[in-house]
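Everything on this sheet refers to the single structure shown next.
Just so it is clear, the model here is predicted, and its values are computed rather than measured.
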Number of protein chains: 2
Amino acid sequence: MSLRIAALGLLTQYPGSGYDLLKRFEQSMANVWPATQSQLYGELNKLANAGLIEVSDIGPRGRKEYRVTEAGRAELVRWISNPQDDPPVRRPDVLRVFLLGDVAPQVARDYVTTFAEHATADLKRYEQLRDSVNWQDKDSDFYSRAALEFGIQNAAMELRWAHWLVSAIDERARR
Amino acid sequence: MSLRIAALGLLTQYPGSGYDLLKRFEQSMANVWPATQSQLYGELNKLANAGLIEVSDIGPRGRKEYRVTEAGRAELVRWISNPQDDPPVRRPDVLRVFLLGDVAPQVARDYVTTFAEHATADLKRYEQLRDSVNWQDKDSDFYSRAALEFGIQNAAMELRWAHWLVSAIDERARR
DNA sequence: TGGTGCATGTAACCTGTTACATGATTCG
DNA sequence: CGAATCATGTAACAGGTTACATGCACCA
């Protein structure tokens, strides 16, 4: 359901072709909702069949430029206002933690330090992104920035938690 | 890949039938990795075919009790030590934030407050769980507790971030 | 003996991934 | 004219959801 919306949302910001959209997915949306080329083209056809977007122009090489319809805008609002039917978020990294009691202590501790390294790398990457983008005073930038801030806060929280857990593991081993 | 591991991990803690496992998924694992009955039974057969678990006993009503094999334990360690091939985490709630510039300001603000309410509810639920469980001094409890702590820290972070964002939205509207 | 719980399975559908496939245009 | 890039599509597979389907065993 959500890729559908991600595409709809980007097309709301600017119209474009599947190819254009694919590049916008790679740059600006990669951290939020990655999508493959294959999936995107399929979804655009479904969106068009459902009347949520329409072909506004046909260019060279069979290029189809899409734009959002009124029904599409309504669907976007409907989806944003109904967060309750999101699928559950599954985090393999937290599943690992849950199962660390099943493996040798050294494997468990090593995993937590790896987790901390990942969080550190993510934090740095997000901070660099924040500092390198030339943010404009428009709504789309404001909310991209807010989503990025979420990523930063999330990575920082993960890092703190992982450090706490490493200490707790060492503490426990010392008994 | 991960449900496979979740089942393997639970069976490592105690052997049991699909039905047993299903109940353990509902109680202890629901917050970490939800699974449906249908999926679980299919996965147990696949695990058995792959030699990662084996039927240790057959009881009444065709009950098959499974236990983990040596190959299964090795696979668990392998998976825990290879976090780099996890699929990307997709969060519909963050996607929403990213797209809030496409909708009316009131819809956007309302969503962020709803997000904050969700985080508050999650936080309360996790804290109650933490305080109601009789934690034992064993590894599986230690790491369940650590995973739960992750949930708590995560919910707290989400709440702080959402409050910050509401303030930022109001600030911005005032200009 | 009849209901509840134990116990397992299948089918249809949706989302996502990887790989394969094809062709038109532009530019150097 | 040839290479890079623009541009779209299909097929096969893996994981997850909902719904459907079946039957045995225990106990009141």
Side-chain angles (χ1 to χ4, degrees), chain A residues 1-8 10-11 15-27 29-30 32-50 52-66 79 84-92 95, chain B residues 1-8 10-11 15-27 29-30 32-50 52-53 55-66 75 79 84-92 95:
Chain A
M1 202 76 273
S2 301
L3 171 65
R4 190 189 179 89
I5 301 294
L8 204 53
L10 283 187
L11 283 177
S17 67
Y19 194 83
D20 293 341
L21 224 42
L22 189 60
K23 281 182 297 179
R24 287 161 68 190
F25 264 90
E26 281 161 7
Q27 321 152 1
M29 195 162 266
V32 180
W33 205 273
T36 59
Q37 174 263 348
S38 166
Q39 204 189 353
L40 190 52
Y41 280 105
E43 202 59 53
L44 286 170
N45 283 319
K46 284 184 210 159
L47 279 163
N49 287 334
L52 302 179
I53 61 176
E54 63 191 4
V55 175
S56 56
D57 191 28
I58 296 199
R61 283 169 280 209
R63 180 178 191 274
K64 290 187 276 187
E65 182 160 289
Y66 291 103
W79 183 79
Q84 70 276 15
D85 43 49
D86 283 352
V89 173
R90 285 182 168 83
R91 302 203 37 163
L95 173 59
Chain B
M1 201 78 267
S2 301
L3 171 65
R4 190 189 179 92
I5 301 294
L8 204 53
L10 284 187
L11 284 177
S17 66
Y19 194 83
D20 293 341
L21 224 42
L22 189 61
K23 282 182 298 180
R24 287 160 67 192
F25 263 91
E26 281 161 8
Q27 319 154 2
M29 195 161 268
V32 181
W33 205 272
T36 60
Q37 175 264 348
S38 165
Q39 205 191 354
L40 192 50
Y41 280 105
E43 200 59 52
L44 286 170
N45 283 320
K46 283 183 211 162
L47 280 163
N49 287 334
L52 302 179
I53 62 176
V55 175
S56 56
D57 191 28
I58 296 200
R61 285 169 281 205
R63 179 178 192 276
K64 290 186 278 186
E65 181 160 291
Y66 292 103
E75 169 64 8
W79 183 80
Q84 68 277 15
D85 45 48
D86 283 353
V89 174
R90 284 180 170 84
R91 300 201 41 163
L95 173 59

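- Under the salt bridge (Lys or Arg N to Asp or Glu O under 4.0 Å) criterion, Asp57(A) pairs with no residue, sequence neighbours left out.
- Partners of Arg91(A) under the side-chain hydrogen bond (donor to acceptor under 3.5 Å, both in side chains) rule, at least two apart in sequence or in another chain, are Asp93(A), Glu158(A).
- Summary of helix geometry: the two end axes of the helix from dT1(C)-dA28(D) to dG28(C)-dC1(D), each defined by five base pairs via their C1' atoms, are inclined to each other by 0° (rounded to 10°).
- In this view, Ala30(B) satisfies the side chain to side chain contact (heavy atoms under 4.5 Å, CB included) rule with no residue, not counting sequence neighbours.
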Check the pair Leu52(A), Arg4(A) against side-chain contact (heavy atoms from CB on, under 4.5 Å), reporting the backbone distance first and the verdict last.
CA-CA 10 Å; Leu52(A) 302 179; Arg4(A) 190 189 179 89; 3.5 Å; yes
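- The shortest distance between the side-chain N/O atoms of Arg63(B) and the OP1/OP2 oxygens of dA7(C) is below 4.0 Å.
- Partners of Gln84(B) by side-chain hydrogen bond (donor to acceptor under 3.5 Å, both in side chains), not counting sequence neighbours, listed by chain and number: Asn82(B).
- Read 5' to 3', the first and last nucleotides of DNA chain D with an atom closer than 4.0 Å to a heavy atom of chain B are dG15(D) to dA25(D).
- Map Asn45(B) and Pro88(B) each onto its nearest nucleotide of DNA chain C; the residue landing nearer the 5' end is Asn45(B).
- Distance CD1 (Ile5(A)) to C1' (dT15(C)): 14 Å, rounded to an integer number of Å.
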Between protein and nucleotides 23-28 of chain C, map the contacts as a letter string: B base, S sugar-phosphate only, - none, heavy atoms under 4.0 Å, written 5' to 3'.
-BBS--
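- Here Arg63(A) pairs with Asp20(A), Glu65(A) under the side-chain hydrogen bond (donor to acceptor under 3.5 Å, both in side chains) rule; sequence neighbours left out.
- Of the inter-residue distances, the one linking Leu11(A) atom CG with Tyr66(A) atom OH reads 9.0 Å to the nearest 0.5 angstrom.
- Atom CG in Leu10(A) sits 5.0 Å away from atom CZ in Phe25(A) (nearest 0.5 Å).
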When the side chains of residues 37-47 of chain A are checked against the rest of the protein, which donor-acceptor pairs come out under 3.5 Å, sequence neighbours left out?
residue: Tyr41(A); atom: OH; partner: Tyr19(A); partner atom: N; Å: 3.3
residue: Asn45(A); atom: ND2; partner: Tyr41(A); partner atom: O; Å: 3.4

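- Shown here are the salt bridge (Lys or Arg N to Asp or Glu O under 4.0 Å) partners of Glu26(A), two or more places apart in sequence or in another chain: there are none.
- Within residues 33-43 of chain B, the residues that have a heavy atom under 4.0 Å from DNA chain D are, in order of number, Trp33(B), Thr36(B), Ser38(B), Gln39(B).
- The shortest distance between side-chain heavy atoms of Trp33(B) and Pro88(A) does not fall below 4.5 Å.
- By the salt bridge (Lys or Arg N to Asp or Glu O under 4.0 Å) test, Arg24(A) pairs with no residue at all, sequence neighbours left out.
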